[in-house]
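A short write-up of the structure that comes next.
Both backbone and side-chain heavy atoms feed into the values below; hydrogens, waters and symmetry mates do not.
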Amino acid sequence: MGPPKRSRTLNVTLFFLFACLVTSEAQNKPGYCSFYEECGRNPSVNSSLIKPIIPCVNFSPARRIQGVHYQRLKKVCPMLAHGEDNTTACCSINQLSSLENSLTLSKAILVRCPACADNFAHLHCINTCSPNQSQTLSILRTMNVTILGQEKEAVVAYRSYVAKKFIDTSFKSCQNVRIPATGGYAIATMCGRYGASLCTPQRWLDFQGDTSNGLAPLDIDFRIIPEGTPLPPGIVPYAGKALGCNETTDTGGKACSCQDCAESCPVVAPPPPPPPPFLIGQLDGVLAVCLMAFAVLSVTFLGFLAVRHFGQQDKKPKAKDKNSNEVSRAKDEVIDPRDVTCTDRNSLSTQEFLGSIFERWGTLMARHPFKVLLTSAVVVAAFGTGMMHIELTTDPVQLWSAPNSRARREKDFHDFHFDPFFRTNQLILTAPGYLSHSYDSLLFGKHNFSGIISKDLIQQLLELQKRIQAIEFWSDDLNRTASLKDICFAPLNPGNPLLTDCAVNSLPQYFQNSLDNLNAKVNMTELGVTKEVDWRDHFIYCVNSPLSFKDITDLGLSCMSDYGGPVFPFLAVGGYENEDYTNAEALILTFSLNNYLRGTPKFKLVEKWEQMFLDIVQEYQRNTTTNFTFAYMAERSLEDEINRTTAEDIPIFMISYAVIFVYIAMALGEYSSFKRILVDSKFLVGLGGILVVGCSVLSAMGFYAWIGLPSSLVILQVVPFLVLAVGADNIFILVLEYQRDERRPGESREKQIGRVLGNVAPSMLLCSMSESICFFLGALSSMPAVKSFALYAALAVLMDFVLQITAFVALLSLDARRQDAGRCELACCVTVSAPPPAQSRPGHPAARHEALLRPLSAAPLHQSYCGTHAGAPGNRPELPGVAEADTIMVLFLFMFCTSIFLMFHVTVGLDQELAMPKDSYMLEYFKYLYKYFEVGVPTYFVTTKGFNFTTVSGMDAVCSSVGCNSFSLTQKIQYATEYPDKSYLAIPASSWVDDFIDWLNPGSKCCRLYTLGPNAGNFCPASQSAFLCGKRCVSTPQNGVLRPTVEQFNKYLSDFLGNRPDLLCPKGGLGAYDKAVVRDESGEIIASRFMAYHTPLATSQEFTAALRIARELAANITLSMRQVPGTSPDFEVFPYTVTYVFYEQYLTIVPEGLFNISLCLLPTFVVCCILLGMDLRSGLLNLLTIVMITVDTVGVMTLWGIDYNAVSLINLVTAVGISVEFVSHMTRSFALSTLPTHVERAKEATANMGSAVFSGVAMTNLPGIVVLAFAKAQLIQIFFFRLNLVITLLGMAHGLIFLPVLLSFFGPDVNKAVLLRQQRKAQEKTSSKENQAYENLSFDDSKSPAPNMGTKGGGDIVATF
């Protein structure tokens, strides 16, 4: 590598010495020119974007400038005009015209900062027209040209000497000038391959003096000369005054705006730091509070026990149980009617009233089972036929965003006034097996190219791209073949696009999707070194200067896409660091389609095209010869994958229901004798119970389908589970109570069933009403999915209760007839002669379930529970101490306080990956997206009607160029982008107002009027000849700040929005802004938008934070813009992007969830109190336990990685409903028990009612829940399997362990009204025995059950409760 370097150095040295000789020969003198007048086109430039006119060599004194010549000089180079009699220059009027045309191109993007535009013109005016030209430059190369038959020597290269201070100031004044349409920097288009971030003053000048850029007419070797540097004889570097960007120009131009000039920015306080964490000392504040709360509660509880145990030592001793509760009554204590409280009387009256109603109702249902079943079937069928009209909501927007929510209103506003957010279909491709290679570029030096940036892979990508672009299919709606051009987003030709007008962003677009351009090669000489340049040189240039119409290589290729727009590098490649694009790890291919309303013909076309897109990509992925490893998505993919996994998981749900059904059918059977298995089994009863649940869900769904309330997949998955839990519990309670009960003498089967229903139906009513009201109140939620779920669940629970006390009672009556007749269940014609066993045998289901629950009740109550009935005489054990019970209370208090702490740390949100099944291709796409994409989603700041953009104050309140308000709309967004880690904004907003003002500026060629022909007076595009369009739209303002009048604004805005941008006028609004401004018939702007970009967002927490910050910023902008005179008080600025509608819920889901759950908890207290006769203590204990279950559920969610979101909220509302089943039955059973001590009453409630709860809720749910672990959908695994498992286990633990202990300590005293009633009945029975002889009664079916021994002292009202 040594010899070539020495050769190159030698060549440069000789070149420099030759230049010095030329300079010496030119006799550098002040007041002398080196060249003058034009010598035609540069013969050494083969291709150029503008005509490369070069000057003639002419060493002569500078010419005095007068008349028209002076006026032209004053217009183009005012810094050289010193009065008509005192001005000399080295440029002709022709040269001034060419210079003006050249400067017009730069002014189009620099004019928004007058000092920058002035400095830029200053530099080139000095080179072209300086009266001391021979001192500031030296000619390097000349060529002989023939002009009008005369041979002349023309300059094709010269060296320009400029002082470092002058050029540094000039560069700094232009360094931050923005291009509003892209949010990027203008300097990026003027620094070639280096872009904005690597641009320096020298590189800036090098690009301007390079003819290969298509803009410079000749080569200029700029030399920046620091002060004191030795120079060739006679050379004096130009050291004129350059303006700072915060200075005014001599022609009246004002200081540049803050967005273009940091020195012009006011002092803006940085955003406040986030609030410090809540600490108490060095400990987490919430943890400290929870620990203190636990300590206080524990000490209070233990202190209460101590006080209650020892506080009455000096009083007359009373009988107490082992939990220090006073025994309610002695064995032979007589109840004084005056001791009965109003609450006790109300409770008794309520139970007698409800019991008598349900008893009569149950008897009626049992007597006419076939009529009841037929009527129930008719009612269910009437409701169920509504299923023909059911609508399933699958659109995520409609599912999770309320129609009247702010995000939904903003989305509707945006989509109504502008086109809906375009649809994205994208591939992200990598090539892990390809090795990187090094490339020594002639122009750009050594670069490393990653394996993915290789020519053959780019060719393969181009082939795939063209294959996708060629998708065609027949459309019945169009009655012709449809293709991409019918539905694509075509920003520069939206009216009648061709296939090449479609916005397809990819790396091949840098080569205009041309294989010839990609394969192009040419030998190029630079600084005496000749090398081959190829696609790599062009790629390096374009990713650093994507707005260029021509690269600086001899390839002469444009960087613009074939559809006419720029391809920014973050849309073509990904996985790079610090703008090192050649080391990118991924290629990105994006097809943008227009979005259409659902149900429209064009929407069908889009979905069809996207499906074919997916088919091609998936086929390509399956091809073993494919060299890419890639991820992909279509706009429809998210919805498709959710629907797919739902369909695939339906068998899992079916299996789950089947497992539950088998369990219920087996658990309800008696199985006391092998011979009577088919007689005593409850297979058909279990099936009937399942059918009742299914019919209740069917009826609810049918009813809401009739009235037009749509359903969702969440409802189909969750509501049956919920109703099954509730329904199975009631089924077990009713069947087990019937199996425990003994028919009384002279009592018919129907009356027995009615009496049993009278005993248990109030408890069923308590739970069903609590749950139904709970869910109806949950429907107040603003989230559609939660609201519809709550409505469906409420009606389904209500219908389930109604069908259970009608159809299921009828089924139970029929089954009892069959069983009494000894007929087999599945073969009704077969009878079994073996007699039924006595119901007190251990094999009886009542005894079996009680035996199962006795260990649960005995452990916390410190008793070894033996015998058939807890309250049976002789079987009641001795009562031990309270240490274990105290431990249970303290343990559950610790769980509760711990869960409160964990609740403050639960993650809020739902990452979109969780909505996908584990085998979804979308999961790979999300992984690629977060890894390789370098920019976030675009976001629009949308303005509503009521703001006058046509006034000067209106424009100043929006724009960010010279003369604009320092706290305008776009300027505030700019301030936010300076703190991307806090604002989540990466790129400032594009501004149609700024570009419209720049477009109108007479310094550019954008806005001119026809002066000749039939279009005279109309707008003339920049591409037309100056001969036809000699008039500017507006004149140069006196104060240097251009603002159109109201008439000019309204007249030229449409021309601006329809003007296609090109090299001569890059400020045209077509594509960037034509859909950003909406006007009504009167011309008033009723909506507009300004597009910025978020930083890359990955988690739902980041998306939510970005939305919150954007709204805060928009609210601040709204307040300042409302201060502009004439602004409507309801004018508003709001942010919008396609993701906001999904993540808005997380801004309020915590308070809304607390509100919804609180509303659900309210009826559990109120209904419990009312149905227990205003028993406030039972209601409060019931409520406390349900609250603890709910809070502990959220705590376990935190530990198990279950995020809190709308799906979780649905399950938490469900948790309240299921908790009611675990808790309310037990509470009522305890409240109505008449055993003398709290401990015995708690034992009785746990052993009797707990058995039904355990079998009906816990053991019904658990088998079905376990099956869900095998579902493919992550949502089902996490939010249905995990969360429902947690709910069931916590509900079981609290309902069967904690609640009995709680009741044994703090439960209500025995109801003395019930005791008084029993006392009076006993007295009446004794009196009757003395006066009447005992007479045996026989049953109508010749069966004589033993006398009732199961009342446990509870009398007729409480039965086995």
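Met633 and Thr424 make their closest contact through SD-O, 3.4 Å (heavy atoms, listed as atom of the first residue, atom of the second, distance). Minimum interatomic distance between Tyr1140 and Ala1106 (heavy atoms only, all atoms of both residues): OH-O, 4.3 Å. Here the shortest heavy-atom pairing between Pro917 and Leu923 reads O-CD1, 3.2 Å. Across all non-hydrogen atoms, the minimal contact from Pro720 to Val697 is CA-CG2, 4.1 Å.
For the pair Arg406 and Phe1134, the cation does not sit on the ring face, since its NZ or CZ is not both under 6.0 Å from the ring centre and inside 45° of the axis.
A salt bridge is absent between Arg409 and Glu1132: the closest approach of a Lys/Arg side-chain nitrogen to an acidic carboxylate oxygen does not fall below 4.0 angstrom. Using a cut-off of 4.0 Å between Lys/Arg side-chain N and Asp/Glu carboxylate O, Lys927 and Glu924 are scored as salt-bridged. A salt bridge does not link Asp640 with Arg644: none of the charged nitrogens is closer than 4.0 Å to a carboxylate oxygen.
Counting heavy atoms from C-beta on, the side chains of Tyr1146 and Leu910 come closer than 4.5 Å. Counting heavy atoms from C-beta outward, Ser1208 and Asn1205 have side chains that approach closer than 4.5 Å. Counting heavy atoms from C-beta on, the side chains of Met1188 and Leu1184 come closer than 4.5 Å.
Lys787 NZ: 12 or fewer foreign heavy atoms inside a 6.0 Å radius. Within 6.0 Å of atom CZ in Phe904, 12 or fewer heavy atoms from other residues, nucleotides or ligands are found, so the atom counts as exposed in its surroundings. Counting non-hydrogen atoms of neighbouring residues, nucleotides and ligands closer than 6.0 angstrom, the OH atom of Tyr596 exceeds 12 such neighbours.
Tyr940 and Phe421 have perpendicular rings, their planes meeting at more than 60° on a 0 to 90° scale where under 30° would count as parallel. Phe418 and His414 have tilted rings, their planes meeting at an angle from 30° to 60° on a 0 to 90° scale.
The closest donor-acceptor contact from the side chain of Thr1118 to the backbone of Val1133 lies under 3.5 Å. Looking at Gln1274, its side chain does come within 3.5 Å of a backbone N or O of Glu913 through a donor-acceptor pair.
Annotation: the span from Leu1299 atom CG to Phe1222 atom CZ amounts to 12.0 Å, rounded to 0.5 Å. Leu780 contributes atom CG, which lies 6.0 Å from atom CG of Leu1159 (distance to the nearest 0.5 angstrom). Rounded to the nearest 0.5 angstrom, His1294 NE2 and Thr1185 OG1 are separated by 7.5 Å. Separation of atoms OG (Ser711) and CE (Met387) is listed at 7.5 Å; rounding is to 0.5 Å. To the nearest 0.5 angstrom, Phe941 atom CZ is 4.5 Å from Leu1113 atom CG.
With sequence neighbours excluded, the residues that form a salt bridge (charged side-chain N to carboxylate O under 4.0 Å, His left out) with Arg1111 are Glu410, Glu1144.
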> Does the side-chain hydrogen bond (donor to acceptor under 3.5 Å, both in side chains) test come out yes or no for Asn1116 and Glu1112, once each step is laid out?
Replying inline: CA-CA 6 Å; Asn1116 183 281; Glu1112 291 175 359; over 6 Å; no
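The side chain to side chain donor-acceptor pair (under 3.5 Å) test with Gln426 singles out one residue from Tyr928, Tyr632, Tyr925, and that residue is Tyr925.
Checking Ser788 against Tyr704 by side-chain atom types alone, no donor-acceptor pair falls below 3.5 Å.
For residues 1282-1292, the set of pairs meeting the side chain to side chain donor-acceptor pair (under 3.5 Å) definition, not counting sequence neighbours, comprises Asn1211-Asn1284.
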